[in-house]
Amino acid sequence: MTLYGGIEAGGTKFVCAVGTGPEDIRDEIRFATSTPEETIPRAIAFFRPYAAELAAIGIGSFGPIDPRLASTTFGYITTTPKPGWAQTDFVGALQAALDVPIGFDTDVNAAALGEHRWGAAQGLETFIYLTIGTGIGGGAMVEGNLLHGVMHPEMGHIRLPHDRVQDPFEGTCPFHGDCLEGLASGPALESRWGVRAENLPNAHPAWELESSYLADAIINFTLALAPQRVILGGGVMQQTHLFPLIREKVQRRLNNYLAVTEITEQIERFIVPPALGNRAGIFGALALAQQTFHG
Ligand code: ADP
Ligand code: ZN
């Protein structure tokens, strides 16, 4: 059996795995993300014993990144505000050390691919995967291909109606203030309410507001891309009571304009948690490796 490598490169932690899929992980390691000089060699050291057997390695990375194969900076983490990581040649460093084909995409595009291969998006061609955690990010598959363009989608930074009377919070995004991420990420919840998101009780008004912003975002993405499903992952979505709040607002605010039963009658199948749970990222990286190998 052909072996693949995967890297879930997060801003907080790295997960590296070798295997053929979710049911067959041969080896796995996780460590905190420090400097690139320390972190990338740790990943290389993990894969080195397997290098001769690996058909490809897939990397789902925090970003922004350059995923355009034809670009001179393909494989770089580019303008990230994460200290030390801007303009890091991530793929180049691995390729030089391991001589294995490498697939490179955003963490959320990789997670989307994992859900497509083994999870909640099997059999679909067009869907989105959103994570609501330390940041907010979105990946998309459109007609069977992961969506790239001038760079890659940055769905967390869209603008939404922000009623400053109802919610005077300025937002936490260092670039935009009150973009979606600035209003609705885990750190935004903590900063607005003075309590970590995981410690806000279910009855707290935070969740009504949170579901309102997420519903508006999902409506915008749905109107723009016509996804067949919207998968919501990330730490904040551990609050599973958010799902019905979000679904109800999406339906009500769309006001039957998208007259398809997927939305009007089966919304609990339209807006769903990831079937792979918090493993979507690392399994997605393996799926990316498979896709890289098979072309
Ligand atoms: P990351 O985005 O760093 O990969 P997570 O997706 O776990 O990691 O997101 C971390 C954020 O999610 C933090 O802001 C944290 O407060 C929030 N979070 C984690 N677990 C929960 C939970 N059970 N309920 C609500 N918020 C949570
Ligand atoms: Zn922003």
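For ligands, and for the atoms within them, numbers begin at 1 and follow the listed sequence.
Every atom of ligand 1 with a heavy atom of Arg196 under 4.0 Å away is listed here by number and element: 15 (C), 16 (O). Atoms of ligand 1 found under 4.0 Å from any heavy atom of Thr12, numbered from 1 in the order shown, are 3 (O). Residue-ligand proximity, Gly186 to ligand 1, at heavy-atom distances under 4.0 Å covers atoms 14 (O). Listed by number with element, the atoms of ligand 1 under 4.0 Å from a non-hydrogen atom of Gln238 are 22 (C), 23 (N). Taking every heavy atom of Pro187 and a limit of under 4.0 angstrom, the matching atoms of ligand 1 come to 14 (O). The contact set between ligand 1 and Gly234, taken as ligand atoms under 4.0 Å from a residue heavy atom, comprises 6 (O).
Using modelled atom types, no side-chain atom of Arg68 and backbone atom of Met151 make a donor-acceptor pair closer than 3.5 Å. A donor-acceptor pair under 3.5 Å is formed between the side chain of Gln251 and the backbone N or O of Ile263. In terms of modelled atom types and a separation under 3.5 Å, the side chain of Gln228 and the main chain of Thr126 share a donor-acceptor contact.
Distance check on atom 26 (N) of ligand 1: some protein heavy atom falls below the 4.0 Å cut-off.
Residue Glu143 places its CD atom among 12 or fewer non-hydrogen atoms of other residues, nucleotides or ligands, all under 6.0 Å distant.
Below 3.5 Å of separation, one finds no N or O of Thr131 facing any N or O of ligand 1. Ligand 1 has an N or O atom lying under 3.5 Å from an N or O atom of Thr134, backbone or side chain. For Gly133, no nitrogen or oxygen atom sits less than 3.5 Å from a nitrogen or oxygen atom of ligand 1, counting backbone and side chain alike.
Ring geometry, Trp85 versus Phe14: the interplanar angle falls from 30° to 60°, so the pair is classed tilted. Relative ring orientation between Phe293 and Tyr4 is described as perpendicular, the plane-to-plane angle rising above 60° on a 0-90° scale split at 30° and 60°.
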Name each donor-acceptor pair under 3.5 Å that joins a side chain in residues 270-280 to protein atoms two or more places apart or in another chain, with its distance.
residue : atom : partner : partner atom : Å
Arg279  : NH1  : Glu28   : OE2          : 2.8
Arg279  : NH2  : Glu28   : OE1          : 2.7

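With a 4.0 Å heavy-atom cut-off, ligand 1 is reached by the backbone of Glu198 and by its side chain too.
By the rule that hydrophobic residues join a cluster once side-chain heavy atoms approach within less than 4.5 Å of another member, Ile218 and Val260 end up as members of one cluster. Residues Ile132 and Phe175 do not share a hydrophobic cluster, clusters being chains of Ile/Leu/Val/Met/Phe/Trp/Tyr side chains in contact below 4.5 Å. Linking Ile, Leu, Val, Met, Phe, Trp and Tyr whenever their side-chain heavy atoms come within less than 4.5 Å puts Leu54 and Phe90 in one cluster.
Using a 4.0 Å cut-off between a side-chain N of Lys or Arg and a carboxylate O of Asp or Glu, Glu38 and Arg42 do not qualify as a salt bridge.
Regarding atom 24 (N) of ligand 1, its nearest protein heavy-atom neighbour is Gln239 NE2, 2.7 Å. Among protein heavy atoms, atom 20 (N) of ligand 1 sits closest to Gly235 O, 3.6 Å.
Listed here is the closest heavy atom pair of Lys249 and Ala215: CB-CB, 3.6 Å.
Protein N/O/S atoms nearer than 2.8 Å to the Zn ion (ligand 2) total 4.
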